Amino acid sequence: MDYQFKDIEKKWQEFWALNHTFKADNHTDKPKYYVLDMFPYPSGAGLHVGHPLGYIASDIFARYKRLKGFNVLHPMGYDSFGLPAEQYAIQTGQHPALTTEANINTYRRQLDQIGFSFDWSREVRTSSPDFYKWTQWIFMQLFNSWYNKAADKAESIEKLVKHFEENGSAGIDAVCDDDVLAFSAAEWKALGNREQQEELLKYRLTYLRESTVNWCAALGTVLANDEVKDGFSERGGYPVEQKKMMQWSMRITAYAERLLQGLDKIDWPEPLKEMQRNWIGKSTGASVRFQIAEDGGQTSDFRLLTSDYIEVFTTRVDTIFGVTFLVLAPEHELVPALTTPGQKAEIDAYIAQTKKKSELDRMADAKTVSGAFTGSYVINPVNDEKVPLYIADYVLAGYGTGAVMAVPSGDQRDYLFAKHFNLPIVPIMDIQQIETEADPTKEGRYINSDFMNGLNYKEGTAKVIAYLEEKGQGKAKINYRMRDAIFGRQRYWGEPVPVYFKEGLPYLIDEKDLPLVLPEIDKYLPTETGEPPLARAEGWKYKPAVGAGNSLSFGEGRGEAYEYELSTMPGWAGSSWYWYRYMDAHNNEEFASKDAIAYWKDVDLYIGGSEHATGHLLYSRFWNKFLVDMGLGIEEEPFKKLINQGHIQGRSSFVYRLIDTEGRGTNTFVSHGLIKQYKTSELHVDVNIVDNDILDIDKFRAWREEYKDAEFILENGKYVCGVEIEKMSKSKYNVVNPDVLVERYGADTLRMYEMFLGPLEQSKPWNTNGIEGVFKFLRKFWKLFHDEQFNFRVTDTEPTKAELKSLHKIIRKVEEDIERFSFNTSVSSFMIAVNELTDLKCSKRSILQDLVVVLSPYAPHICEELWVLLGNRAGSLSHTPYPKFNPEYLVEDEFSYPISINGKTKMNLNISLSLESAAIESFVLASPDVQKYLDGKTPKKVIVVKGRIVNMVL
RNA sequence: GCUCAGAUGGUGGAACUGGUAGACACGCAGGACUUAAAAUCCUGUUCCCGUUAAAGGAGUGCGGGUUCGAUUCCCGCUCUGAGUACCA
């Protein structure tokens with residue numbers, strides 16, 4: 001029989017499913033290997049050819065590792081909470097669970113037909129209560145924890161309470177809110193429950209706090225920074241504004257340093273690590289206190305000041321003698337109190353102007369200098385000079401302390417500001433050039449700097465910090481750019497937060513009441529009063545067991561009902577720990593058993609896109625570190641090795657509609673080569689009715705009613721379409737569906753072609769043009785095992801040297817390629833090997849059997865079929881050992897030997913391998929070809945590499 | 001602006017530690033088989049000059065450098081893509 005991929009693929013996919021061929025075992029003597037894909041959000045559009053790219057690569061790796069004797073965990077699931085299903089629900093009224101279920105079924109069907117070796121018995125869905133029960137449970141653990149800086153780990157809140165009861169707040173070094181109180185043990189005990197709970201909230205790792213959030217009115221929800229692009233929501237493109245709200249947050253900043261340090265220990269792409277480093281944004285510097293001058297023209301509000309100094313953060317404390325003014329962010333809390341009556345009008349106008357400016361304007365305006373003088377002055381702690389205090393929008397309220405010390409000689413923004421407001425510019429380095437711009441040099445020696453004069457950067461910095469510490473007006477400080485992560489969405493389709501409110505304070509529900517299942521509601525919109533959709537749920541109230549407080553004992557009966565939290569968790573909650581669930585997916589007692597975690601530990605190989613660099617991949621590392629602190633996880637880093645697969649872009653096709661004299665579109669279309677002669681407008685056209693950039697005119701007319709009578713202006717009798725590379729999306733009509741390709745060429749061809757397309761990590765446009773080549777290869781491979789009439793035929797005679805050479809070349813090559821994730825080059829090598837064996841008319845069983853094993857990770861279906869035809873037990877292929885490479889077969893008697901003369905002239909000599917190195921040299925020199933060039937002379941220099949002459953210089 | 005990645009034939013790409021640049025595939029051209037087409041197979045295919053064949057020259061974004069020898073290493077530049085954005 002000819003290569004019947006349809007029957008073969010169906011047969012083996014059914015076989016694998018029926019026999020649970022890829023079910024991973026939690027108890028074996030084999031070494032473990034955990035291969036994970038970033039699980040997909042099941043969108044309504046289904047899979048396009050870009051999605052499987054990473055899955056195919058991980059599947060090849062997983063199958064290869066099985067052949068290498070590992071117990072492989074290779075699971076798949078769905079990140080199934082998310083906005084699109086909810087948007088769809090709002091429009092149609094269809095419950096998001098139904099939409100999600102339908103989409104998952106489509107995904108599953110599409111995934112199955114590509115022949116992945118997933119262990120589906122471990123499937124997870126973040127929107128299933130069995131799963132989100134544990135997301136809620138981890139939330140509770142975070143709520144019940146605080147970060148002890150002294151121990152550098154998270155600890156139970158009970159431990160903190162105990163400390164407060166015994167010692168008060170003394171001796172606690174925690175990551176917490178800025179406004180924590182100082183109290184004695186007695187004072188703590190004297191506080192009421194309410195005050196105590198309020199205080200504890202400032203320490204908890206999930207906490208409720210008023211914070212500025214990205215509010216998207218159109219979506220009715222809060223968005224994370226990485227979900228906002230240029231002031232618009234990433235999904236939908238709606239405007240986003242800044243708004244103050246009570247919000248759940250996660251104290252990820254507690255882990256900033258560990259998240260940074262951990263990057264050095266993991267095998268991730270360097271650019272991705274760099275992105276995380278930038279996101280964490282560590283900067284080392286100092287914080288300095290500038291006393292507010294009392295004769296600086298105070299306001300009537302001066303007595304209302306909460307402090308009598310302004311704290312700034314600087315990375316260049318050594319330049320402090322060059323400070324000629326201070327600048328506060330317009331939003332800084334001290335601004336009203338520090339504005340003198342004479343300056344009030346100007347300051348208020350400036351603040352009003354800043355508020356009006358959107359993010360976008362503020363960015364566009366980056367080069368224009370603006371600001372206003374408060375009328376107040378502060379004292380420079382190193383020389384007691386009075387410097388004026390300004391506000392300006394180039395200082396950001398959210399970074400550092402929202403205040404900067406301005407050194408115009410060393411910082412360009414300060415320089416421009418000083419020029420604009422006519423403020424002095426004092427050089428502080430002997431080699432500083434400041435005629436036209438600031439010079440931030442660290443070279444040279446200090447001048448105009450009193451006790452620092454003559455010192456260099458290193459000495460000066462140390463000295464000034466020591467001086468400030470001595471005076472109590474400054475200290476070395478490390479600052480991070482990263483903010484705590486907002487952990488709440490005013491949305492329906494997410495995990496409910498397992499919290500209820502009693503007298504305005506949040507309490508956890510009892511663990512026994514998990515999961516807190518998402519209630520049914522009639523409409524998926526916010527309420528008329530602007531509350532989240534969950535406010536619509538009837539009886540959405542919690543009745544704590546009688547006598548229950550937070551983490552106290554529970555009685556039998558249920559008491560009064562209290563309001564639940566109405567917001568739900570953000571999209572990244574479930575994905576921040578899901579890899580643990582795969583280890584023990586059906587456990588009802590724990591998120592995963594200690595046993596399972598001890599065995600699988602961490603993910604050995606994680607494949608996914610780089611777009612998750614500062615979202616999912618950072619949050620996951622954070623939750624993992626927390627779980628390790630709790631003694632629940634083992635490895636400090638969850639993903640040992642990470643590969644970013646590139647994005648497959650769409651290749652959009654365009655037609656050009658003729659515009660008539662009145663500027664209206666006509667029903668005439670101009671071929672791409674002629675558009676310069678006409679006035680046209682560009683329209684996307686479905687890539688499925690375009691072949692090799694030539695439009696199928698009949699299909700175009702049938703595509704849409706409005707094009708039924710379309711006319712065309714052709715070139716060379718053809719309508720040529722324009723082409724552009726864009727993101728693959730439905731609206732651009734450039735989506736290529738893998739189903740079509742599987743139907744036409746089969747899964748094995750699709751798998752190999754996606755790998756053949758280019759390096760895994762590189763982004764590239766999808767182009768189906770070369771797929772025929774891979775398909776031809778598989779047919780050729782099939783033919784190796786069959787005679788002309790397609791009867792299966794192999795022989796048991798001894799293989800020849802040439803056959804063994806071909807085989808062992810491919811054994812070694814594939815092993816090397818897979819280990820370094822160079823899947824594209826092994827596809828080429830397979831083609832070479834099969835071409836060689838075809839030329840040799842090889843039909844030796846021993847050769848072909850090994851070849852099947854080597855190819856099986858790439859093209860599993862055809863290999864399983866041939867494996868059985870070769871007389872092996874069905875299903876045994878996936879655990880057959882990978883053939884052992886024997887270098888002996890690659891040794892040759894004679895090799896073709898390239899030589900250059902003067903680095904240029906090239907020639908080939910055939911040299912016997914039996915010659916010794918020294919003999920080779922004389923052989924080469926004596927050869928007539930070489931002699932012709934040497935012309936009787938001896939070469940000046942002979943370059944020998946690995947015992948071979950490669951070049952001779954005359 | 002800053003950070004990172006990249007640039008090789010008509011196209012996707014290969015060349016792993018500096019050692020025959022263009023593997024493999026697509027496309028294209030020619031041929032075989034066929035009444036014909038499809039499928040299959042064979043030959044050629046970096047460019048220039050030349051051509052019966054040969055021989056020669058140039059060549060990995062641009063300009064330099066190191067080296068016997070550079071797609072590979074170093075310096076400067078151009079362009080493309082990604083991330084980030086007044087971070088003190």
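Just so we're on the same page: letters track the sequence lines, and every chain starts at 1. Fair warning: this is a prediction, and the values are worked out from it, not measured in the lab.
Closest to the side chain of A:Met831, out of B:rG83, B:rC24, B:rA88, is B:rC24. The side chain of A:Glu274 lies closest to B:rU3 when the candidates are B:rC24, B:rC26, B:rU3. Here the nucleotide nearest the side chain of A:Ile832, chosen from B:rA88, B:rC4, B:rA23, is B:rA23. Set against B:rA25, B:rC87, B:rC16, the side chain of A:Glu816 has B:rC16 as its closest nucleotide.
Residues passing the side-chain contact (heavy atoms from CB on, under 4.5 Å) test with A:His808 are A:Leu804, A:Ile811, A:Phe885, A:Asn886, A:Tyr889, A:Leu890, sequence neighbours excluded. Partners of A:Arg316 according to the salt bridge (Lys or Arg N to Asp or Glu O under 4.0 Å) rule, which considers only residues two or more places apart in sequence or in another chain, are A:Asp318. Scanning for side-chain contact (heavy atoms from CB on, under 4.5 Å) contacts around A:Ala329 gives A:Glu331, A:Val395, A:Ala397, with sequence neighbours left out. When the side-chain contact (heavy atoms from CB on, under 4.5 Å) test is applied to A:Ala418, the partners found at least two apart in sequence or on another chain are A:Phe325, A:Pro408, A:Leu423, A:Ile425. In this structure A:Tyr309 satisfies the ring pair (Phe, Tyr, Trp, His ring centres under 6.0 Å) test with no other residue, sequence neighbours excluded. Take A:Asp787 and apply the side-chain contact (heavy atoms from CB on, under 4.5 Å) test, not counting sequence neighbours, and it matches A:Gln789, A:Asn791, A:Arg793. Partners of A:Phe785 by ring pair (Phe, Tyr, Trp, His ring centres under 6.0 Å), not counting sequence neighbours, listed by chain and number: A:Phe781.
The salt bridge (Lys or Arg N to Asp or Glu O under 4.0 Å) analysis of residues 819-842 of chain A, with sequence neighbours excluded, yields the pairs A:Lys809-A:Glu836, A:Asp817-A:Arg820. For residues 749-777 of chain A, the pairs satisfying salt bridge (Lys or Arg N to Asp or Glu O under 4.0 Å) are A:Asp59-A:Arg751, with sequence neighbours left out.
Rounded to whole angstrom, the span from the CZ atom of A:Arg481 across to the C1' atom of B:rA88 amounts to 14 Å. The CG-P distance, from A:Asp411 to B:rC86, rounds to 13 Å in whole Å. In this structure, A:Met275 atom CE and B:rC2 atom P are separated by 19 Å, rounded to whole Å. Look at OH on A:Tyr480: it is 14 Å from P on B:rA88, rounded to the nearest Å. Per the geometry, CG belonging to A:Asn644 stands 12 Å off P belonging to B:rG83, to the nearest Å. Atom CH2 of A:Trp279 and atom C1' of B:rC87 are 13 Å apart (whole Å). The CG atom of A:Asp414 sits 10 Å away from the P atom of B:rC87 (whole-angstrom rounding). Rounded to an integer number of Å, the gap from A:Phe313 CZ to B:rC87 P is 13 Å.
For A:Lys273 and A:Asp267, the salt-bridge test fails: no basic side-chain N is under 4.0 Å from an acidic carboxylate O.
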Polar atoms only, N or O, under 3.5 Å: list the protein pairs with nucleotides 39-45 of chain B and their distances.
none

Could you go through nucleotides 7-15 of chain B and list every protein N or O atom that sits under 3.5 Å from one of its N or O atoms, giving the distance for each pair?
from	atom 1	to	atom 2	distance (Å)
B:rG12	O2'	A:Leu757	O	2.7
B:rG13	OP1	A:Gln762	NE2	2.5
B:rA14	OP1	A:Asn824	ND2	3.0

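Taking atom C1' in both B:rU20 and B:rA70, the straight-line distance is 14 Å, to the nearest Å. Straight-line distance between the C1' atoms of B:rU35 and B:rU46: roughly 41 Å, to the nearest whole Å. Straight-line distance between the P atoms of B:rC87 and B:rG1: roughly 15 Å, to the nearest whole Å. Look at the C1' atom in both B:rG59 and B:rC48: the space between them is 10 Å, to the nearest Å. Nucleotides B:rG12 and B:rC2 have their P atoms positioned 30 Å apart, rounded to a whole Å. Nucleotides B:rG10 and B:rG6, compared at atom P, are 23 Å apart to the nearest Å. Taking atom C1' in both B:rG18 and B:rU67, the straight-line distance is 9 Å, to the nearest Å. A distance of about 34 Å separates the C1' atoms of B:rU8 and B:rA85, rounded to the whole Å.
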Under a cut-off of 3.5 Å for both distances of each Watson-Crick or G-U pair, what dot-bracket string does RNA chain B give, using [ ] for crossing pairs and | for inter-strand pairs? (((((((..(((......[....)))((((((.......))))))(((.......)))..(((((..]....))))))))))))....

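If you check the side chains of A:Ser652 and A:Asn734, you find a donor sitting under 3.5 Å from an acceptor.
Atom CD1 in A:Ile648 sits 5.5 Å away from atom CH2 in A:Trp766 (nearest 0.5 Å).
Comparing A:Ser283 and A:Val774 by the nucleotide of RNA chain B whose heavy atom lies nearest to each, the residue mapping closer to the 5' end is A:Val774. Nearest-nucleotide mapping onto RNA chain B: of A:Gly398 and A:Asn278, the residue sitting toward the 5' end is A:Asn278.
Taking the six-membered ring for Trp and the full ring otherwise, A:Phe821 and A:Phe61 have centroids separated by under 6.0 Å.
Residue A:Tyr399 has a polar side-chain atom (N or O) positioned under 4.0 Å from OP1 or OP2 of B:rA88.
Glycosidic conformation, B:rG13: anti, with the torsion outside 90° of 0.
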